[in-house]
Amino acid sequence: KHDPWFYHFDNLILHALNALLVFALVWLISTRWKIAFITAILFAINPLRVESVVWIIERKDVLFSFFYLGALVNYVYAIKKIN
């Protein structure tokens with residue numbers, strides 16, 4: 001029998017990583033850490049994200065967000081490095 005605790009914990013870790021990626025993205029765009037921090041906190045506590053974090057079957061949304069935000073961070077970093 002599988003314990004669902006691990007799946008919930010995995011979604012929570014991915015959501016925390018997504019909040020860090022939101023921080024990195026906004027910090028790269030604005031270069032102001034306070035704005036990036038507030039944006040990341042608002043993303044992390046947003047009630048619309050609760051469903052994706054709590055439901056095991058919604059892991060696809062949290063995982064998609066992780067890779068999408070990671071790609072955006074890398075893209076903005078590359079553009080800033082070129083310019």
Side-chain angles (χ1 to χ4, degrees):
K1 197 171 188 182
H2 296 286
D3 188 14
W5 181 86
F6 173 75
Y7 298 106
H8 291 295
F9 183 70
D10 185 40
N11 281 353
L12 186 62
I13 293 297
L14 281 171
H15 182 65
L17 290 173
N18 286 339
L20 289 175
L21 286 172
V22 166
F23 175 83
L25 180 64
V26 175
W27 182 67
L28 281 171
I29 292 170
S30 71
T31 64
R32 296 179 66 188
W33 73 271
K34 289 181 182 178
I35 292 174
F37 182 75
I38 291 169
T39 306
I41 292 295
L42 290 175
F43 174 83
I45 64 171
N46 188 351
L48 294 175
R49 303 291 356 141
V50 170
E51 181 180 299
S52 295
V53 176
V54 175
W55 288 6
I56 295 170
I57 194 125
E58 291 292 323
R59 183 173 189 262
K60 63 184 176 5
D61 293 341
V62 183
L63 198 58
F64 166 78
S65 298
F66 176 72
F67 287 115
Y68 187 75
L69 288 168
L72 282 175
V73 167
N74 283 320
Y75 176 74
V76 171
Y77 179 75
I79 293 297
K80 286 205 170 242
K81 191 173 182 182
I82 290 172
N83 295 333

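Note that the coordinates shown come from a computational prediction; the quantities given were computed from them, not determined experimentally.
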Undergrad: Partners of Lys60 by salt bridge (charged side-chain N to carboxylate O under 4.0 Å, His left out), sequence neighbours excluded?
TA: Glu58
Undergrad: Identify the two heavy atoms, one from Val22 and one from Thr39, that lie closest to each other, and give their separation to 0.1 Å.
TA: CG1-CG2, 4.0 Å
Undergrad: Can you confirm whether more than 12 heavy atoms, excluding those of Ile79, are under 6.0 Å from its CD1 atom?
TA: yes
Undergrad: Is there a side-chain contact between Leu42 and Asn46, using heavy atoms and a 4.5 Å cut-off?
TA: no
Undergrad: Applying side chain to side chain contact (heavy atoms under 4.5 Å, CB included), can you list everything that pairs with Pro47, at least two apart in sequence or on another chain?
TA: none
Undergrad: With Phe66, which residues qualify under ring pair (Phe, Tyr, Trp, His ring centres under 6.0 Å), at least two apart?
TA: none
Undergrad: Who are the side-chain hydrogen bond (donor to acceptor under 3.5 Å, both in side chains) partners of Ser52, not counting sequence neighbours?
TA: Arg49
Undergrad: For Ala36, what residues pass the side chain to side chain contact (heavy atoms under 4.5 Å, CB included) criterion, not counting sequence neighbours?
TA: Phe23, Val26, Trp27
Undergrad: Under the rule for ring pair (Phe, Tyr, Trp, His ring centres under 6.0 Å), what residues qualify as partners of Phe67, not counting sequence neighbours?
TA: none
Undergrad: Can you name the ring pair (Phe, Tyr, Trp, His ring centres under 6.0 Å) partners of Tyr75, sequence neighbours left out?
TA: none
Undergrad: Using side-chain contact (heavy atoms from CB on, under 4.5 Å) as the criterion, point out the one residue from Leu25, Leu28, Ile29 that pairs with Leu72.
TA: Leu25
Undergrad: Scan residues 72-83 for pairs that pass salt bridge (charged side-chain N to carboxylate O under 4.0 Å, His left out), counting only residues two or more places apart or in two chains.
TA: none
Undergrad: Tell me, which pairs form a salt bridge (charged side-chain N to carboxylate O under 4.0 Å, His left out) where one or both residues lie in residues 17-30, sequence neighbours left out?
TA: none
Undergrad: Please say yes or no: joined through hydrophobic side-chain contacts below 4.5 Å, possibly via intermediate residues, are Ile35 and Leu21 part of one cluster?
TA: yes
Undergrad: Do any pairs count as a ring-ring contact (aromatic ring centres under 6.0 Å, His included) and have a residue in residues 32-56, sequence neighbours left out, and if so which ones?
TA: His15-Phe43
Undergrad: Mind checking side chain to side chain contact (heavy atoms under 4.5 Å, CB included) for Arg59 and listing every partner two or more places apart, or none if nothing turns up?
TA: Asp10, Asn11, Leu14, Leu63
Undergrad: How long is the span from the CG atom in Asn18 to the CZ atom in Phe64, to the nearest 0.5 Å?
TA: 10.5 Å
Undergrad: If you look at every heavy atom in Ile56 and Pro4, which pair is closest and at what distance?
TA: CD1-CB, 3.7 Å
Undergrad: Do Ile13 and Tyr68 land in one hydrophobic cluster if side-chain heavy atoms of ILVMFWY residues count as linked below 4.5 Å?
TA: yes
Undergrad: Starting at CG of Leu12, measure out to CH2 of Trp5 and round the result to the nearest 0.5 Å.
TA: 9.5 Å
Undergrad: Looking at every non-hydrogen atom in both residues, tell me the closest pair between Ala19 and Ala40 and how far apart they are.
TA: O-CB, 3.5 Å
Undergrad: Residues in side chain to side chain contact (heavy atoms under 4.5 Å, CB included) with Ile82, at least two apart?
TA: none
